[in-house]
Structure formats: structure tokens, C-alpha cells
Amino acid sequence: MYISLCEQVAKVLKEYTGREDVLLVDGGEHADLASTVAFAMAKEKRMAPAQIAKEITDGISDRLSKELSVRTEPYCANVLKAAVKPGYGSLPNKSERVVLEHTSANPNGPLHVGHIRNTIIGDTLARCFRKAGYPLEVEYYVNDMGRQIAIVAWGIDRQHADVYGEGKGDHLIADVYIEANKHLTADPSLTEEIDALMQKVEAGDEEIISRFKGPVRRCLEGFKETLAELHAHHDRFVYESDFVRNGDTSKILGHIGHMPESVHEETLALDLSKYGFEKKYILRRSDGTSVYAARDIAFHIWKGHNFDRVIDVLGADHKLIGRQLQATMDLLGENGPEIVFFEFVSLPEGSMSTRRGTFISADELIEEAGRRAMEEVTARRPELDEDARRIIAKGVAAAAIRYDIVKTIPEKSTVFDWKEALDFEKQSGPYIQYAHARACSILEKAGDFPYCYEIEGDGEIALAKKIARFPKVIDQVVTELKPHLLAIYARELADIFGSFYHAEPVLKAQGSVRDRRLTLVEATRNTLKEALETLGIDALRAM
RNA sequence: GGACCUGUGGCUUAGCCUGGAUAUAGCGUCGGGCUUCUAACCCGAAUGUCGGGGGUUCGAAUCCCCCCAGGUCCGCCA
């Protein structure tokens with residue numbers, strides 16, 4: 001409704017003014033929709049913008065009210081009819097195939113609170129793409145042959161570590177990795193042993209390859225548990241080593257070697273200066289092995305051939321190499337990735353590092369959030385049995401974590417704060433869940449009622465207008481790749497519902513007033529549910 | 001030294017790409033509201049040189065330039 005209304009108003013405005021730049025913007029409090037066209041016309045017509053605006057509105061108001069439902073009531077009625085249906089906000093199916101890569105942390109230790117910013121941005125985007133009707137595949141790119149994993153394999157041997165015993169694999173691997181790095185720092189000559197391992201892996205040495213594979217698999221087992229707790233899902237785990245084994249990497253390096261931009265010294269590199277990069281982009285070491293960047297090119301060529309739109313979620317530390325990759329794909333005439341970058345999460349005492357062991361793991365955060373949520377549920381709903389409370393607490397914990405992370409724009413670096421991460425009030429996931437649970441509670445008590453799509457009063461209209469915007473928000477998230485817009489939208493919808501809830505009695509209203517408010521509550525509940533699920537948050541029916 | 005991102009009431013934060021009406025919300029503070037649909041809530045108040053300085057414009061938090069502060073990167077690591 002809202003989307004088609006925007007399009008229709010824009011069409012009328014374009015036809016009337018004869019201009020293309022009628023850009024419709026949010027009208028704020030004074031209007032539902034606004035156009036800046038009058039300001040643009042002011043200069044050439046040498047008239048005050050306000051006067052031009054008045055002439056335009058006088059000229060088109062007839063058409064708008066005749067041809068479109070710009071009058072509030074019929075518009076709201078149409079909105080509500082759509083919003084009470086399951087799946088509200090879903091957009092028409094598209095044929096454009098999308099591949100989205102997120103998380104892709106190195107398998108050398110557990111996911112920490114920095115990694116899951118990637119996970120949550122990525123998974124929320126993925127849910128929005130599905131909601132927007134795109135066929136989508138979500139991938140995790142597993143670095144199973146880099147230096148880090150060589151260090152893990154080396155450390156396991158040297159420390160006689162048992163990473164297959166009791167405990168979560170990713171944490172056991174981290175212990176080995178941290179210890180191994182201490183040894184390497186103490187005696188830098190040991191790095192030769194790491195280099196030797198990497199050369200053997202690239203050469204296809206089966207024994208060394210299997211020494212790498214085990215810990216990688218063990219670490220991924222741990223990741224998958226953590227990701228499931230966060231409601232994040234990958235359709236496919238793609239292994240970096242596959243692009244060496246299948247020959248794609250050497251094939252592309254061969255091709256690049258013949259390009260005019262290639263630089264042959266001891267290494268093979270690309271000169272990307274025409275894209276504004278000062279540094280050469282090194283792809284093959286002097287010992288003949290490929291670097292990460294080369295395998296990444298092979299991986300992205302594969303993605304570009306199999307999908308129409310390629311999206312990566314990457315940390316700010318990948319900005320340079322990500323842009324070099326984009327430039328290289330352009331040079332090769334391949335379908336390159338769009339990249340969503342997010343800035344770092346640090347701790348009050350400094351930056352996080354798996355190598356140094358200075359991080360808060362996602363598992364710690366999930367556990368602590370679950371404990372706090374259980375306390376809270378037990379205090380509020382002592383009459384519920386433990387299983388019921390536990391289900392609610394798990395949903396609340398994941399909601400608090402996901403929302404706390406997705407609500408902030410990715411460009412802003414943040415400092416992890418337990419207090420904020422575990423906040424269950426206002427501007428939090430649980431707050432939005434609570435609004436949904438309240439709506440459920442009303443509807444459950446109401447029993448059957450006939451839908452009534454009338455609307456009256458500022459409170460009801462404000463709610464209906466907000467509901468109307470949901471599909472547009474989904475569309476905006478996938479075109480602008482900004483999942484935080486959905487987070488903010490859901491919170492604002494919950495805010496407006498909160499005010500409505502306190503101002504307008506529903507169950508106590510009589511006759512058609514009761515029916516229309518119940519219909520509005522149902523539309524709100526359904527919209528909140530769809531929004532929450534698209535955020536990867538459980539739409540709890542009771543809290 | 002160079003590149004990118006960020007800087008908005010005491011704290012956290014939206015708006016910036018695409019300039020337009022009194023700059024968004026939360027926390028905290030202060031004052032109200034549970035015999036009434038779940039108070040994880042609601043209503044009201046106070047709190048702002050939109051980091052600083054120039055410029056463009058009828059109009060700048062938003063665009064351009066310079067400076068300051070924080071983060072990230074500049075490896076034959078990933």
C-alpha cells in the first residue's frame with residue numbers, strides 16, 4: 001500500500017510539474033509524504049517555494065483524491081486488510097539470485113562479540129532478502145589453509161593437545177592457538193616450521209592436509225552451536241582449500257599473469273594504481289604458494305558466475321583488501337561483490353584479539369544473557385513451570401543480543417558494554433517482544449470478533465500509518481543493505497503500540513469500536529511478529 | 001606519512017548518501033500513573049556551540065576544504 005501510494009503520488013507530481021526530480025521524502029510530523037520539488041522550481045520560476053507548493057497542491061489535489069486513496073480512512077482500511085494476513089511485508093518473488101557471505105571467522109578460536117556483529121548484520125540482511133522475495137544462499141567461507149590454521153595444527157602437535165576431548169571444540173582450539181603464538185613470539189625462528197606446513201598443504205600433501213582438517217572441523221562444530229543459539233543459519237560452508245585443489249586458483253593466477261597490469265618480480269602481483277591503490281596487490285609468494293587474496297578472487301569468480309548479486313559482510317580490517325578485490329573483479333570483467341563493512345567492537349580495556357586471548361566469547365555473552373533473562377522471567381512469571389520459563393528466557397536472551405548489535409549503524413565502532421547488551425528495557429529486543437506478547441494477550445482474551453477495517457482518532461491512525469510502512473522498510477533494507485533500518489522500525493512500531501495500548505481501551509470498548517480496535521491490534525501483532533522474525537528474534541506469545 | 005570510518009544534551013544513539021518546517025529516541029535526573037486489556041509499560045519536564053574553523057546555498061547536522069580527537073588499514077598474514 002505505502003509503496004504503491006508513493007509511486008502513484010510521484011507519478012501525478014511528475015506529470016503535473018513536468019519534472020523528474022520530484023523526490024518524495026518522509027514528511028516528518030507535518031505530513032505523511034513530502035516533496036522538495038517546489039524548492040527546486042523556485043529558482044527558475046523566480047517565485048517563493050511556498051507559493052509554488054500551494055499552486056501544485058491546488059492543481060493536483062483533485063486527481064489525488066479521485067484516483068488514489070489519499071484520504072486517510074480508505075487508505076488505512078486497505079493497509080489493515082493486508083496487515084492482518086500472515087506473511088505481511090513479504091514482497092513479490094524476484095528472479096535475481098543472491099549470495100550472501102557472513103561471519104567467515106577463522107577457525108582458530110571461538111566466535112567473540114566482535115565476530116557476531118558480522119553474524120547478526122549478515123543474518124538480518126539474509127532474512128530481509130528472503131522477505132523481499134529473493135532466492136538466496138547464505139555462505140560461510142572457511143579459511144582452512146591459512147597461516148592461523150597452520151599454527152593451530154603445529155601447536156596441537158607440539159603441545160600434544162587433545163582437542164577432541166571434553167569441551168567445546170572452538171574453545172579448545174583457542175587454548176592451543178594462544179599457547180602456540182606465545183611460543184612463536186618467544187622464538188621467531190619457529191615460523192619456518194609454519195611456512196613448511198603451508199607449502200606442503202598447497203602442494204597437496206595428504207598427511208598435512210588431514211592435520212589441518214581435523215581441528216577446522218572441530219572448531220566449526222563449536223561455531224555451529226553458537227550460531228544456532230543466535231538464530232543464525234548458513235546454507236553452505238565453502239572451503240577455501242577447494243579453490244586450490246580444483247585448480248581455480250592457479251588458473252586465475254595464470255590468467256592474471258598475462259594481463260598488462262600484472263607485475264612479475266619474485267612474486268606475482270597486480271598494479272591497481274589506476275583504481276587509486278598505491279600498493280601492489282600481491283597474489284603469489286616467491287615460493288610459489290598463493291596468498292589469501294588469490295584464493296579469494298577464485299572464490300568470488302565462482303560466486304559471480306552462479307549468482308546475480310554477490311554480497312559480503314566484512315570487518316573494517318578488510319576494507320583495503322575488499323576494495324582491491326572489487327577492483328580486480330572489475331579488471332577481470334567479472335561480477336564483483338557488494339561489501340557491507342562494519343567497524344570494530346572493542347572492550348573497555350582495549351581491542352579484542354583471539355591470538356592474545358583478549359576477547360569475550362559469544363558463548364559467554366549468550367550464557368550470561370540467558371541467566372539474566374531467566375532471573376527476570378522467574379521474577380515476573382513465578383506461576384509458569386521451569387520449561388516454559390526457560391523457553392521464554394532463551395528467546396529474550398537472543399533478542400537482547402541480536403537487537404543490541406543490529407540497532408547501531410555498522411559504520412560506528414563500539415565498545416562492548418555488558419549493561420547495554422543485557423538491557424531488557426526500551427530500545428531493546430525484549431521491549432519489542434513485550435509489545436507483541438501484550439497484543440497476543442489481548443487477542444487471546446477477546447475470542448472471536450469480526451474484522452472491522454475502520455479507523456478513528458490520532459492514536460489509531462498513527463498505528464495504521466506505521467504498519468503501512470513495513471513493506472517499504474524491507475525494500476529499503478535490501479536496496480541500501482542497511483539492516484538497522486528494520487531494527488529502528490520495529491522499535492518505533494512497538495513505541496506507538498505502547499502509547500495506543502495505554503490510551504485506548506480495547507476489550508472494554510463496545511460494538512464496532514471494540515471490533516475495529518481488535519482488528520488494529522491483530523494487524524499490529526502480525527506486523528510485529530513479521531518484523532521480529534525478520535530480525536531473527538522469537539515473537540513470543542507470552543513473557 | 002597515506003587511505004577509509006566515526007565525532008549529535010552527562011552517557012548511548014537516529015537523521016548525513018538524496019540539503020528544506022521546532023534535530024530522533026533511550027539511559028540517567030526530576031514530576032506523575034498499576035482495584036482497569038502483562039508496569040520488560042505509559043504520560044510530562046529539564047538538558048544541544050550537531051568536534052572546531054572556513055566555504056557553497058534563499059536555506060547546512062546533511063555538500064566542499066582545512067584542522068582536532070578516536071577507531072581501522074597500509075604483510076610474500078588472513
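Note that the structure is predicted; figures quoted are calculated from it, not measured. Letters go in sequence order (proteins before strands), and every chain restarts at 1.
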Completion exercise
Closest to the 5' end of RNA chain B, once T408(A) and E492(A) are matched to their nearest nucleotides, is T408(A)

Practice task
Determine the Euclidean distance between corresponding P atoms of rG1(B) and rU62(B); express it in Å to zero decimal places.
Solution key: 27 Å

Practice task
Name the nucleic acid region contacted by V142(A), choosing base, sugar-phosphate or nothing; use a 4.0 angstrom heavy-atom cut-off, strictly under.
Solution key: nothing

Practice task
Just call it for V396(A): base, sugar-phosphate, or nothing, with non-hydrogen atoms closer than 4.0 Å on any strand.
Solution key: base

Practice task
Kindly point out which of rC41(B), rA78(B), rC37(B) is positioned nearest to the side chain of Y434(A)?
Solution key: rC41(B)

Problem - Under-4.0 Å side-chain N/O to phosphate OP1/OP2 contact, K412(A) with rA14(B) - result: yes

Exercise for the section: In plain terms, say whether R372(A) and E368(A) are close enough for a salt bridge, that is, a side-chain N and a carboxylate O under 4.0 Å apart. Expected result: no

Handout entry: Out of rA39(B), rC42(B), rC77(B), whichever nucleotide has its closest atom nearest the side chain of Q148(A)
Key = rC77(B)

Fill in the blank from the handout: With the side chain defined as heavy atoms from C-beta on, K426(A) is closest, among rU38(B), rC42(B), rA78(B), to rC42(B)

Handout entry: C1'-based separation of rU47(B) from rG26(B) [nearest Å]
Key = 14 Å

Practice task
Look at R491(A) and rA14(B) and indicate whether a side-chain polar atom (N or O) is within less than 4.0 Å of OP1 or OP2.
Solution key: no

Handout entry: Which nucleotide in rC37(B), rC4(B), rA78(B) has an atom nearest any side-chain atom of R323(A)
Key = rC4(B)

Problem - C1' gap between rG28(B) and rU38(B), integer Å - result: 26 Å

Handout entry: Rounded distance in Å between the P positions of rC16(B) and rG54(B)
Key = 26 Å

Practice task
Measure from the side-chain heavy atoms of K279(A) and tell me the nearest of rC41(B), rG75(B), rC77(B).
Solution key: rG75(B)

Exercise for the section: Check if the side chain of S441(A) and the base of rC37(B) share a donor-acceptor pair of N or O atoms closer than 3.5 Å. Expected result: no

Exercise for the section: Scan side-chain atoms only and decide if N143(A) and Q148(A) contain a donor-acceptor pair under the 3.5 Å cut-off. Expected result: no

Fill in the blank from the handout: Out of rC76(B), rA78(B), rU38(B), minimum distance to the side chain of K445(A) belongs to rU38(B)

Problem - Side-chain donor-acceptor contact under 3.5 Å, Y141(A) with D312(A) - result: no

Practice task
Using a cut-off of strictly less than 4.0 Å, decide whether H484(A) has a side-chain nitrogen or oxygen near OP1 or OP2 of rG15(B).
Solution key: yes

Handout entry: Whole angstrom value for the distance that separates C1' of rG75(B) from NZ of K319(A)
Key = 20 Å

Handout entry: Which nucleotide in rU18(B), rG71(B), rC5(B) has an atom nearest any side-chain atom of E480(A)
Key = rU18(B)

Problem - Rounded interatomic separation in angstrom, taking CG from L320(A) and P from rG71(B) - result: 19 Å

Problem - Proximal nucleotide (of rC43(B), rU38(B), rG15(B)) relative to the R381(A) side chain - result: rU38(B)

Handout entry: L365(A) vs I116(A) side-chain heavy atoms within contact, under 4.5 Å
Key = yes

Handout entry: Between P of rC77(B) and CD1 of I149(A), the distance in whole Å
Key = 17 Å

Fill in the blank from the handout: If pairing means Watson-Crick or G-U wobble with both distances under 3.5 Å, then the partner of rA39(B) is none

Completion exercise
Atom CZ of R525(A) and atom C1' of rU38(B) are separated, to the nearest Å, by 17 Å

Problem - Closest to the V291(A) side chain, choosing from rU38(B), rC74(B), rA78(B) - result: rA78(B)

Problem - Distance, rounded to the nearest Å, where L493(A) contributes CG and rU24(B) contributes P - result: 20 Å

Problem - Any R285(A) side-chain nitrogen or oxygen under 4.0 Å from OP1 or OP2 of rA78(B) - result: yes

Exercise for the section: Quote, to the nearest angstrom, the P distance that separates rC30(B) from rU13(B). Expected result: 24 Å

Fill in the blank from the handout: Rounded to whole Å, the CD-C1' distance (E420(A) to rG28(B)) equals 12 Å

Handout entry: Between P of rC77(B) and CD1 of I151(A), the distance in whole Å
Key = 11 Å

Practice task
Please confirm whether any donor atom in the side chain of E266(A) sits under 3.5 Å from an acceptor in the base of rC76(B), or the reverse.
Solution key: yes

Problem - Proximity to the side chain of Y292(A) - top-ranked nucleotide from rU38(B), rA78(B), rU6(B) - result: rA78(B)

Problem - C1' gap between rA45(B) and rC66(B), integer Å - result: 41 Å

Exercise for the section: Flag this pair as yes if the NZ/CZ of R514(A) is under 6.0 angstrom from the six-membered ring centre of F449(A) and inside a 45 degree cone about the axis; otherwise no. Expected result: no

Exercise for the section: Determine which nucleotide pairs with rC11(B), using a 3.5 Å limit on both distances of a Watson-Crick or G-U wobble pair. Expected result: rG26(B)

Handout entry: Pairwise P distance, rG51(B) and rG9(B) [rounded to whole Å]
Key = 8 Å

Exercise for the section: Check whether the side chains of R147(A) and T191(A) place a donor and an acceptor atom closer than 3.5 Å, and report yes or no. Expected result: no

Problem - Partner nucleotide, any strand, of rC4(B) [Watson-Crick/G-U, under 3.5 Å] - result: rG71(B)

Exercise for the section: With RNA chain B as reference, determine whether I409(A) or Y501(A) sits nearer its 5' end, using the nearest nucleotide of each. Expected result: I409(A)

Practice task
Using the P atoms only, state how far rU22(B) lies from rA61(B), rounded to an integer number of Å.
Solution key: 12 Å

Exercise for the section: May I ask you to decide whether E265(A) forms a salt bridge with K280(A), counting only side-chain N to carboxylate O separations under 4.0 Å? Expected result: yes

Practice task
Classify the side-chain pair D423(A)/S428(A) by whether it contains a donor and acceptor separated by less than 3.5 Å.
Solution key: no

Practice task
Would you kindly give the CG-to-P distance between D495(A) and rC42(B), to the nearest whole Å?
Solution key: 6 Å

Exercise for the section: Please work out if M198(A) contacts a base, only the sugar-phosphate, or nothing of the nucleic acid, heavy-atom cut-off 4.0 Å. Expected result: sugar-phosphate

Practice task
Report yes if a side-chain nitrogen or oxygen of Y431(A) is closer than 4.0 Å to either non-bridging phosphate oxygen (OP1 or OP2) of rC42(B); otherwise report no.
Solution key: yes

